[in-house]
Amino acid sequence: MHDIRTFRDHPDAIRRALARRGEDVDVVDEIRTLDEERRAILTELEALKATRNTESKRIGAMRDAAERNAAIAAMREVNLRIDALDARVAEVDGTLHAKMNGVPNSPLDSVPDGASAAENVVLREVGQRRDPADDVQPHWDIGPALGLIDFERGVRMSGSRFYVLRGAGARLQRALVQWMLDFHADRGYVEIAPPYIVREACMWHAGQLPKFRDNLYHDAEEDFWLVPTAEVPLTNMHVDEILPAESLPIHYVAYTPCFRREKMSAGSDVRGIKRGHQFDKVEMFKFTTPEDSADALAAMLADGEAVLAALGLPYRVLQLCAGDLGFGSTVTYDLEVWAPGCGEWLEVSSISDFGSFQARRANIRYRPEPGAAAVPIHTLNGSGLGVPRVMIAILEHYQQPDGTIRVPDVLRDRVGADVIGG
RNA sequence: GGAGGGGUCGCAUAGUUGGUCUAGUGCGCGCGUCUCGAAAACGCGUACGGGUGUGAGCUCGUCGUGGGUUCGAAUCCCACCCCCUCCGCCA
């Protein structure tokens, strides 16, 4: 959520940001009008309440019954007006907040223009992709063939977009999760094991609601929502807190399964394990001062790349254009790994600086100096990495002519083998 | 799931027959006096958000959350959340 003062003082900046994202700019004027209306009502309303407060005190001290009754009657009249204005301001407030909740974050000036993913910019490609002439089986063939992935039984249990990992397949996933957690812990992130189910309010704080309601699973009877990413519980770690300046930056890393309904991706990526309703992910997260967030983002990008480099997988770095930026992001880099069997780049990480957007929703602030006013902090998040797509890359990139899979060096101890399927 | 107790301004507490509570006190913290310096003592100050004003300031809201009763609610009523104790069940 933006600061309302930005709409008051710099409406053109928001209009320009919305235009760069390809969104309707009329909402800016709607919000400004609502804001002015709200303040106008408040001025009258609060004057009436001030009167009521002082009069009520006076009434309490009155001894003369007639005088007292007259004053009470007068206050009843005032209260009618107060009730009407209260209702009005609540209505305006509600509309105002709903509109503001729908306004995405503003791209940084450094973010390239562009309307869609087609205009994202490839910053660099790292590592050697396999020779296209190699006869690499896609993971949806080699996985079942080696007894690593069981699609049929997954679907029988839970429907489409579910699968069972088996034997070395299950172990590879567990190895990746544990190795990634340790990898980031060694680079200064504090490991967190959060709840996988959170309250609805957490979804609002993290910016999942209201926009992505259709993508979230939740309990029909109780206030339980399944996390679509560890970003949600991590964002909520410090809700309603004022952090001392010396506690920043805070770096967290967490593993969670991620639950997504994928209503918006119906029909796409249905083959294999590219896009399940449940998948494992290790997430990096940072709370920083506004001054530090740019450097923190660069460092987080380096951390994400380091995972792929350590695994020896060829990847590329994309900078998202303004039109493809996520709802809460000011700047985003995607990491894509090359899957030679699928024959495509797979997104395994999206690394973003959310600025103060989430912090304002979640009321997370810090005090620059003792005694100074508390200001919103910055939040950054990035996958480190999404596990199934990394597994796809391993099964395909490290596939050998005899159909076995070479295990990346860094995973051999945890997998307990140098080769899978041998 | 059942029974009972409880959530107050960083921490600890007072306040629950509705009205000087504009929430008291202690601790902690900050500033000051004193001192060569410090401790102690003493004095002053110490929540967050909103509206308004150039400004000092004025003002509204917040005593777990949301409603309600009332001229007036920390205090009464309802719902919900959370914590503690005991019982039951259970990985």
Side-chain angles (χ1 to χ4, degrees), chain A residues 1-9 31-101 193-205 209 218-225 232-233 236-248 257 356-377:
Chain A
M1 179 150 70
H2 290 279
D3 190 333
I4 184 66
R5 281 174 290 231
T6 311
F7 287 90
R8 288 178 200 159
D9 303 337
I31 286 171
R32 283 167 60 85
T33 302
L34 287 164
D35 178 46
E36 281 170 27
E37 186 178 358
R38 171 177 170 273
R39 287 188 286 163
I41 300 169
L42 279 183
T43 303
E44 182 184 354
L45 175 61
E46 291 181 356
L48 289 172
K49 285 188 174 175
T51 303
R52 181 172 73 183
N53 287 343
T54 54
E55 278 300 291
S56 292
K57 276 203 184 69
R58 226 165 54 80
I59 290 170
M62 284 179 185
R63 290 288 166 267
D64 183 80
E67 185 188 4
R68 185 189 181 93
N69 288 337
I72 289 175
M75 276 305 102
R76 285 209 182 98
E77 291 301 311
V78 171
N79 270 344
L80 289 178
R81 182 67 185 150
I82 288 177
D83 287 346
L85 290 175
D86 258 339
R88 184 81 190 108
V89 84
E91 186 188 333
V92 171
D93 234 5
T95 311
L96 179 60
H97 271 100
K99 296 237 185 238
M100 286 186 64
N101 270 324
Y196 305 155
I197 305 176
V198 298
R199 297 181 189 285
E200 180 179 337
C202 294
M203 295 297 184
W204 287 89
H205 295 154
L209 286 174
H218 67 97
D219 187 280
E221 294 174 345
E222 297 192 76
D223 186 14
F224 286 145
W225 295 65
V232 171
N236 279 274
M237 281 287 288
H238 297 291
V239 164
D240 287 335
E241 292 183 28
I242 298 177
L243 300 163
E246 61 270 22
S247 71
L248 298 176
S356 54
F357 196 79
Q358 284 176 325
R360 208 170 281 113
R361 288 188 180 218
N363 193 26
I364 309 167
R365 293 167 293 170
Y366 85 106
R367 225 180 272 291
E369 314 262 339
V375 298
I377 52 107

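Every value quoted in this text rests on a predicted model; they were computed, and no experiment measured them. Just so it is clear: chains get the letters A, B, ... in the order the sequence lines come, proteins before strands, and each one is counted from 1.
- A side-chain donor-acceptor contact under 3.5 Å links A:Arg32 to the backbone of A:Arg8.
- If you check B:G88 for Watson-Crick or wobble pairing at under 3.5 angstrom, you find it has no partner at all.
- Under the rule for a side-chain contact (heavy atoms from CB on, under 4.5 Å), A:Ala40 has no partner lying at least two apart in sequence or in another chain.
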At a cut-off of 3.5 Å, list every protein nitrogen or oxygen paired with a nitrogen or oxygen from nucleotides 6-11 of chain B, distance to 0.1 Å.
none

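- As rounded to whole Å, 15 Å separates atom C1' of B:A79 from atom CG of A:Asp223.
- B:G26 sits 29 Å from B:G18 when the P atoms are compared, rounded to a whole Å.
- Nucleotide B:A74 has no partner under the Watson-Crick or G-U criteria, as no pair reaches both atom distances under 3.5 Å.
- A:Asp240 has its CG atom 16 Å from the P atom of B:C82, to the nearest Å.
- Counting only distance, with no hydrogens or angles, the side chain of A:Arg365 and the backbone of A:Ala373 share no donor-acceptor pair below 3.5 Å.
- With both pairing distances under 3.5 Å, B:G18 is matched to nothing as a Watson-Crick or G-U wobble pair.
- For the P atoms, the distance from B:C71 to B:G15 is 29 Å, rounded to whole Å.
- Residues forming a ring-ring contact (aromatic ring centres under 6.0 Å, His included) with A:Phe7 (at least two apart in sequence, or on another chain): A:His2.
- Using P as the reference atom, B:A12 and B:G2 are 30 Å apart when rounded to the nearest Å.
- Between the CD1 atom in A:Ile197 and the CG atom in A:Asp219 there is a gap of 8.0 Å [rounded to 0.5 Å].
- Contacts classified as salt bridge (Lys or Arg N to Asp or Glu O under 4.0 Å) and involving residues 237-246 of chain A (residues at least two apart or in different chains) are not found.
- The salt bridge (Lys or Arg N to Asp or Glu O under 4.0 Å) contacts involving residues 83-94 of chain A comprise A:Glu37-A:Arg88, A:Arg38-A:Asp93, A:Lys49-A:Asp86, A:Arg88-A:Glu91, where partners must be two or more places apart or lie in separate chains.
- Under the Watson-Crick or G-U wobble criterion, with both distances below 3.5 Å, B:G28 is paired with B:U46.
- Considering only residues two or more places apart in sequence or on other chains, A:Ser56 meets the side-chain contact (heavy atoms from CB on, under 4.5 Å) condition with A:Arg52.
- Taking the ring-ring contact (aromatic ring centres under 6.0 Å, His included) definition, one finds that A:His238 meets it with A:Tyr252, A:Phe287, sequence neighbours left out.
- Separating the P atom of B:A38 from that of B:G19 is a span of 47 Å, rounded to the nearest Å.
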Quick one: what's the B/S/- string for nucleotides 51-74 of chain B, heavy-atom cutoff under 4.0 Å, read 5' to 3'?
SS------SSS---------BS--
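- Partners of A:Lys99 by side chain to side chain donor-acceptor pair (under 3.5 Å), not counting sequence neighbours, listed by chain and number: A:Glu30.
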Stepwise side-chain contact (heavy atoms from CB on, under 4.5 Å) test for A:Leu209 and A:Trp225:
CA-CA 11 Å; A:Leu209 286 174; A:Trp225 295 65; 4.2 Å; yes
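- Rounding to the nearest 0.5 Å gives a distance of 10.0 Å between CD of A:Glu222 and CZ of A:Arg199.
- For the C1' atoms, the distance from B:A14 to B:A74 is 12 Å, rounded to whole Å.
- Sorted pairs that involve residues 64-75 of chain A and meet salt bridge (Lys or Arg N to Asp or Glu O under 4.0 Å), not counting sequence neighbours, are lacking altogether.
- For the atom pair OG1 (A:Thr51) and CG (A:Leu48), the distance works out to 6.0 Å, reported to the nearest 0.5 Å.
- Across the P atoms, B:U8 and B:G4 are found 22 Å apart, a figure rounded to whole Å.
- Regarding A:Glu221, its CD atom lies at a distance of 12 Å from the P atom of B:G1, rounded to whole Å.
- Near RNA chain B, meaning a heavy atom under 4.0 Å away, there are no residues from residues 80-101 of chain A.
- Residue A:Arg367 is classed as a sugar-phosphate contact, given heavy-atom separations below 4.0 Å to backbone atoms only.
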Identify each atom pair where a protein N or O and an N or O of nucleotides 89-91 of chain B are less than 3.5 Å apart, giving names and distance.
none

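- Without hydrogens or angle criteria, A:Asp35 side chain to A:Ile31 main chain gives no donor-acceptor distance under 3.5 Å.
- To the nearest whole angstrom, the two C1' atoms, one in B:A23 and one in B:C48, are 15 Å apart.
- Comparing B:C21 with B:U16, their C1' atoms are spaced 13 Å from each other, to the whole Å.
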